[in-house]
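Numbered from 1 within each chain, the chains take letters A, B, ... in sequence-line order. What you see is a predicted model, and the numbers here were worked out from it, not measured in a lab.
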Amino acid sequence: MKLIKLARNAGWGIHSIRTRLILSYLATALLPVAILGWLSVDVYLGSMTERVTDYSVEVVNRVAQDIDEYFRDIDFLLTRDPDFYIDQFIKLVQNNSVTNSRKYVFRIWEDFNNLRRVKPGLEDIAITFADGRILSSYGFYFTDFVPHGNTVSYSGPRVNRFGKEVVTMVRPYASDGRRDVWVSADINLERLASMANLKASPRGYVYIMDQDGQIVFSPHGHEVEDSEEVLINTVDSEVTGWKIVSVVYADEVEAELAYLKRLTYGGITLVLVGVGFLAVYLSHAISHPIRRLQEFARQATLDAAAEDLPVAGRDEIAQLSTDFRTMLARIGELMSENLKEQKLLRKLEIESLTNQIKPHFIYNTLDMIIGQLEQEQTEEAIYLIEALGNFFRLSLSQGREIVKVASEIEHVRNYLYIQQLRHGQGYQYHIQVQEPEVLEFLMPRLLLQPLVENAIFHGILRADRPGRVEVLVSRSHDGIVFTVSDNGVGMKPEELEQINGILAGEIPAQEDRPCFGLMNVQKRAQLIFGKEYGLTLESEPGQGTRTILKIGFLDEQLALEAEESA
Amino acid sequence: MVWTALAVFLLLSGGVQAEDQLTIGFVPRSLDNPIFLDAFENAHQKAMELGVRLEWLAPWGFSTEGQLAVMESLIGQGVDGIVVSVNDVPEIQGAIQRALDNGIPVITFDADSPTSGRLFHIGIDNFKAGWEAGKALVRIAQARGLEGPLSAVIMSGEPDALNLIERMDGFFGAIEGELGLEVDEILYNRDNVDLATIMVEDYLKANPEVDVFFFTGGWPFYVPSDAMPAFKQWAHAGGIAVGIDIFYDALLLLRDGLLQYLVGQDMASMGALGVELLVDYLRGGQLPETVFVEVGLTYASHENLDELLQIYEPWLVK
């Protein structure tokens with residue numbers, strides 16, 4: 001287990017790219033080679049078996065042909081025309097006399113021995129009488145081997161008088177067979193062996209069997225090995241009637257295949273070893289940068305030290321490493337920016353909240369409540385307290401950063417109500433929501449209140465006519481548009497240009513500038529929704545000012561993420 | 001008498017083989033030497049008379065190995081006795097001893113092996129035969145007025161054949177002190193009659209100046225004179241040829257002037273005696289009085305040629 005763990009840590013785990021690459025390479029190489037090898041062996045086995053069988057048939061045919069030709073020659077020697085000397089000798093012997101037989105017997109011996117000399121394998125040739133007397137190339141003597149019958153016959157193997165293993169071809173001396181004399185030829189078994197010394201395979205052999213199934217000749221003595229699986233082919237000798245049997249051991253055919261098998265296995269092994277080394281090299285070349293990249297990514301989760309990522313080569317992995325390093329750098333920058341933005345957003349929210357709960361606003365409102373109570377305007381006081389309470393409740397919004405538009409509208413409505421009471425009904429306000437469904441949309445809190453506050457304090461309170469503040473909520477194709485209009489003093493063009501320049505970031509903002517509240521809203525809006533959102537001011541001197549806030553849509557998930565990040 | 005004749009007939013015809021019928025192995029030196037044919041016929045005739053089976057066996061051409069194979073086959077067959085013409089060599093002596101060890105008595109004929117343990121030997125007095133041939137050469141040379149020294153060549157069969165050695169000893173003994181003779185070469189024909197003829201012709205073609213040819217046996221005498229032109233030319237030019245063995249063809253060569261004198265051995269008696277004496281021993285344990293049973297010699301010259309040609313019959317084997 002420890003070893004497996006070490007291997008896995010070294011990139012040799014079964015699921016590692018390296019292991020998979022190696023296995024893939026090996027499988028890709030092994031499969032065709034193995035199939036090719038198997039097909040080769042299979043095809044070659046069939047071909048070889050067929051070839052051996054054909055050759056084996058050819059061998060037995062050849063042996064049978066040789067034997068037939070040889071025994072035809074022998075038969076030609078035995079089938080002689082009536083021989084004067086033999087005839088005379090037979091007459092003498094059958095008349096129990098050898099007197100004056102010398103010229104016959106000598107000629108016959110000479111003839112027989114000449115035949116022995118010119119015909120290889122002819123061990124003896126003889127004339128045998130029914131009483132066992134025999135005149136052969138060795139003399140005139142007695143034998144126990146007395147033929148019978150009137151047809152050509154073959155017998156043996158047997159050991160002749162002089163210790164030689166022979167087979168004997170016998171035929172009646174006279175064609176009518178009336179004399180009870182046979183002429184015979186002993187064929188040395190070695191001659192049969194030489195004729196049968198053809199074999200279809202190195203261990204294979206040919207043996208000869210007579211018509212009774214007795215072994216005439218076998219290179220393994222008279223015992224035929226049958227303990228092993230063999231391929232047998234048989235043909236009959238036309239002359240002798242013997243069966244010529246070729247034996248080929250099946251394992252020899254397979255043994256010949258062994259070379260091909262060894263070659264195939266050797267080839268497969270070589271290919272596998274070669275592919276193995278190649279696979280290890282290639283997989284290393286591929287997986288090593290990946291592993292380094294992986295290691296770096298793991299480290300980067302802890303410490304985004306993108307500069308430490310080694311980048312070597314010009315391949316895809318190196319490019320990926322470069323991109324990854326760039327990505328990590330970008331992530332770092334974004335994380336840093338995000339962190340800054342979040343801090344800024346948080347700061348802006350705090351500032352916004354702080355701006356709303358200015359002490360004099362609270363004191364004035366409380367004084368106003370006290371005054372109403374002293375004047376026993378209890379109902380009005382109750383409304384005011386309720387409005388103040390709602391104002392603060394909505395300002396805090398239970399700590400939530402994202403609130404529904406309805407809540408923000410309600411918050412502004414409470415603020416306008418309180419301010420209207422504070423400033424003696426000196427202006428009117430009107431809130432209009434063009435599309436009611438907008439009320440259910442989400443938005444950052446405390447965005448509208450600064451706009452309304454500016455309209456009151458920098459617009460209508462500075463004009464000497466009844467003021468009016470209108471809040472219009474509408475929906476555009478890409479967001480929600482809040483328009484806060486007043487009929488106050490308005491702004492000079494240069495002043496308007498400067499403020500819009502500051503809001504657009506074109507002119508540096510200063511802490512003590514009167515547009516501090518607007519900048520707060522602008523930054524928060526753009527931090528959350530992007531630069532294309534935010535504030536725009538329109539104003540005509542003496543006519544009033546219109547502040548337009550455009551924000552994007554926030555769905556529940558985005559709102560939750562924004563709130564969590566905040 | 002009738003019953004006896006009937007019994008002999010049955011035995012010879014092989015129709016009945018008596019329980020105690022003896023089998024005699026008769027082994028000449030070779031089958032290709034017709035000199036043994038007289039022995040063949042007479043041995044068989046004697047075997048028929050005695051009611052024994054005779055096995056006549058030999059290699060076609062003489063060889064010690066072939067004769068050993070024949071001896072072993074006879075021993076293996078368990079014959080009752082063996083008559084053999086041998087080379088006096090250890091291999092044959094060993095074969096004879098093995099036969100004796102197997103209870104098979106062995107006698108020799110023609111050529112002896114005295115130390116082999118054989119019971120006795122039947123043959124001619126080989127020394128005497130050679131002696132007579134030598135004396136004839138001396139007479140012929142002296143008649144021609146030749147005093148010598150004469151150059152001579154000798155043809156023999158096997159160097160180890162004791163009978164041939166004895167013939168040469170007798171030949172040289174007879175001429176010693178009588179005729180100067182220098183032997184140029186001894187030609188051994190290995191008991192091969194065909195080779196013998198060729199060797200004679202070849203030698204005389206190459207050495208026509210040689211004066212004397214002595215044949216220890218009649219190997220080259222089976223062919224007509226016209227078949228040996230060199231020999232004929234040489235003899236007619238004054239060459240003197242004497243030898244041993246008399247048969248019809250040899251007498252014709254004597255008649256044609258190729259040979260001047262022959263000493264003959266009675267091979268027919270050797271064959272008959274070989275069977276008879278061995279059967280006597282086997283049946284009655286009777287041995288000859290001496291271990292050497294001598295058969296007589298005959299002599300052939302121009303003086304008795306016509307008479308001999310009437311006695312000897314042509315073999316017509318060559």
For this session: Please look at B:Leu54 and chain A and tell me whether the side chain, the backbone, both or neither of the residue comes under 4.5 angstrom of a heavy atom of that chain.
Result: backbone
For this session: Tell me, for B:Val27 versus chain A, whether the close heavy atoms (under 4.5 Å) come from the side chain, the backbone, both or neither.
Result: neither
For [X], which atoms come within 4.5 Å of any heavy atom of chain B: side chain, backbone, both, or neither?
X	value
A:Ser101	both
A:Asn95	neither
A:Val93	neither

Just checking [X]: does its [atom1] atom have more than 12 heavy atoms from other residues, nucleotides or ligands closer to it than 6.0 angstrom?
X	atom1	value
B:Asp101	CG	yes
A:Lys164	NZ	no
A:Glu190	CD	no

Exercise. Between A:Arg102 and B:Glu41, what is the shortest heavy-atom contact and its length?
Worked result: N-OE2, 2.9 Å
For this session: Decide side-chain contact (heavy atoms from CB on, under 4.5 Å) for B:His44 and A:Phe140; before the verdict, give the C-alpha distance in whole Å, the side-chain angles of both, and the deciding distance to 0.1 Å.
Result: CA-CA 10 Å; B:His44 274 92; A:Phe140 185 48; 3.2 Å; yes
Exercise. Run the side-chain contact (heavy atoms from CB on, under 4.5 Å) check on B:Leu57 and A:Phe162 step by step: do they pass?
Worked result: CA-CA 11 Å; B:Leu57 280 161; A:Phe162 306 101; 3.6 Å; yes
For this session: Run the numbers on A:Val105 and B:Leu31 for side-chain contact (heavy atoms from CB on, under 4.5 Å), then give the verdict.
Result: CA-CA 10 Å; A:Val105 75; B:Leu31 295 182; over 6 Å; no
Seminar exercise, completed: Given the options A:Tyr141, A:Phe106, A:Trp109, B:Phe40 meets ring pair (Phe, Tyr, Trp, His ring centres under 6.0 Å) only with A:Trp109
Problem set entry | A:Thr99 backbone acceptor or donor facing B:Gln45 side chain under 3.5 Å | no
Problem set entry | Reported CD1-to-CD distance for the pair A:Ile134 and B:Glu55, which is rounded to 0.5 angstrom | 10.0 Å
Exercise. CG of B:Leu37 to NZ of A:Lys103: how many Å apart, nearest 0.5 Å?
Worked result: 12.5 Å
